[in-house]
Amino acid sequence: ETHGVSFRIQISVKELLDTDVLLKLLFHLPVNYPSTLPDISVNSDQLTRAQCMDVKEKLLEQAKQHLSEPMVHNLILWVQQHLKDVIKQSAKISVCKEKTTLSKGTEDGIWMLLVHLDHMRAKAKYVKTVEKWASNLRLTGRLMFMGKIILILLQGDRSSIKEYLILQKTSKVDVDSSGKKCKEKMMRVLCETEVQSQHKRFQTFEIKEYLTLEELQKEFETAGLTTLFSEFMPPLLK
């Protein structure tokens, strides 16, 4: 495998007020792991995005101490034992972070991703998988079909956008010509950028099919993405 291995682990941890915090940890182990550090993403409905980032930073610090040896199990044990301390420390600096955020806008802002897929052989399964990922990562947007053109337009936290790309590249989401499960090898990232003030925020994730190019163009125009459409659609139509 050229991309390594990705897997998600959910653990329940007792936090400050003895309430259960469900942590969703995504580990991406590169092919030369454990000589190379894993990519780690942290999500939780009970924690703020800033707290999740603090937990991630602490886990990466711990990972450096276990370089060249299997470490995932040790990292999980560590976060179970030290989550309380990380949250306490995060609370101490939250006021400073809040002031900084107010002065420059949101920390990372909302990001947008536009992906082109060459085909879907197992369409129903593929669509269901994309819907599940978008829901789990709290991403909104559209999965768009127009003739042979397949586009995925997503909006959300930058960390969630990055997680989605890892899943899209490393998971077996489709089948090959012989019917065997396979990874997406014909994906192209057309655009990955911060959402601007003129862009409409999508409230949900929807699957939509368009009969004409004009219908698809109207979707982009309504979302304030006329420039995006003009830049990337003509090459796809050739």
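All residue numbers in this chain count up from 1 along the given sequence.
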- Message: If I compare all heavy atoms of Thr212 with all of Met146, which pair ends up nearest, and what's the gap?
- Response: O-CG, 3.7 Å
- At what distance, to the nearest 0.5 angstrom, does OG1 of Thr193 lie from CH2 of Trp111? 5.5 Å
- Query: Rounded to the nearest 0.5 Å, how far apart are CG of Leu154 and CD1 of Ile161?
  - Reply: 5.0 Å
- Message: I'd like to know whether Leu113 forms a side-chain contact (heavy atoms from CB on, under 4.5 Å) with Leu139, so could you lay out the CA-CA distance, the side-chain angles of the two residues, the decisive distance to 0.1 Å, and finally the verdict.
- Response: CA-CA 10 Å; Leu113 174 72; Leu139 297 172; over 6 Å; no
- Note on the structure: d(Leu114 CG, Leu225 CG) to nearest 0.5 Å is 8.5 Å
- Before giving the answer on side-chain contact (heavy atoms from CB on, under 4.5 Å), spell out for Asp45 and Lys24 the whole-Å C-alpha distance, their side-chain angles and the decisive distance to 0.1 Å. CA-CA 9 Å; Asp45 294 338; Lys24 301 172 185 176; 4.1 Å; yes
- Message: With clusters defined by side-chain heavy atoms of hydrophobic residues (ILVMFWY) lying less than 4.5 Å apart, directly or transitively, does Leu77 cluster with Leu22?
- Response: no
- Task: Measure the shortest side-chain to side-chain distance between Glu219 and Leu151 over non-hydrogen atoms and say whether it is less than 4.5 angstrom.
- Result: no
- Salt-bridge contact Glu163-Lys56 (side-chain N to carboxylate O under 4.0 Å): no
- Task: Give the minimum heavy-atom separation between Ser44 and Cys52, together with the two atoms involved.
- Result: N-SG, 3.6 Å
- Query: Would you find more than 12 non-hydrogen atoms of other residues, nucleotides or ligands less than 6.0 Å from Arg188 atom CZ?
  - Reply: no
- Main-chain N/O of Ser178 paired with Asp176 side-chain donor or acceptor, under 3.5 Å: yes
- Distance (rounded to the nearest 0.5 Å) between His199 NE2 and Thr226 OG1: 9.0 Å
- Note on the structure: One should read off an interatomic distance between Phe7 CZ and Leu25 CG, to the nearest 0.5 angstrom, of 9.5 Å
- Message: Any side-chain to backbone donor/acceptor pair from Thr140 onto Phe202? Under 3.5 Å, distance only.
- Response: yes
- Minimum-distance pair of heavy atoms, taken over all atoms of Tyr126 and Glu184: OH-OE1, 2.5 Å
- Item | side-chain contact (heavy atoms from CB on, under 4.5 Å) evaluation trace for Glu192 with Leu165 | CA-CA 11 Å; Glu192 184 181 353; Leu165 280 174; 3.7 Å; yes
- Are Val42 and Ile166 connected in the hydrophobic side-chain network, where two residues link if heavy atoms are under 4.5 Å apart? no
- If you group Ile, Leu, Val, Met, Phe, Trp and Tyr by side-chain heavy-atom gaps below 4.5 Å, do Leu237 and Phe232 land in one group? yes
- Message: Is there a path of hydrophobic side-chain contacts, each under 4.5 Å between heavy atoms, that joins Met187 and Val175?
- Response: no
- Message: Contact between Gln65 and Asn74 at the side-chain level, heavy atoms closer than 4.5 Å - yes or no?
- Response: no
- Message: Within the 4.5 Å heavy-atom criterion, are Trp133 and Ile152 side-chain neighbours or not?
- Response: no
- Answer whether the closest heavy-atom distance between the side chains of Asp174 and Leu117 falls below 4.5 Å. no
- Here the pair of heavy atoms bringing Leu137 nearest to Ser160 is O-OG, 3.3 Å
- Message: Quick check: closest heavy atoms across Gln51 and Leu47, and the distance to 0.1 Å?
- Response: OE1-CA, 3.3 Å
- Query: Do Pro38 and Met71 have side-chain heavy atoms sitting under 4.5 Å apart?
  - Reply: yes
- Message: Check whether Thr129 reaches the backbone of Lys125 with its side chain - one donor and one acceptor, N or O, closer than 3.5 Å.
- Response: yes
- Task: Find the distance between CD1 (Ile40) and NE2 (His28) and round it off to the nearest 0.5 Å.
- Result: 12.0 Å
- Starting from the C-alpha separation in whole Å, work towards a yes-or-no answer on side-chain contact (heavy atoms from CB on, under 4.5 Å) for Asp85 and Lys58. CA-CA 11 Å; Asp85 298 328; Lys58 294 297 183 183; over 6 Å; no
- Query: Within a strict 4.5 Å, meaning less than it, do heavy atoms of the Val173 and Gln168 side chains meet?
  - Reply: yes
- For Arg8 and Leu167, the nearest pair of non-hydrogen atoms, with its separation, is NH2-CD1, 3.9 Å
- Less than 4.5 Å apart, any side-chain heavy atom of Glu231 and any of Leu190? no
- Query: Less than 4.5 Å apart, any side-chain heavy atom of Val72 and any of Ile9?
  - Reply: yes
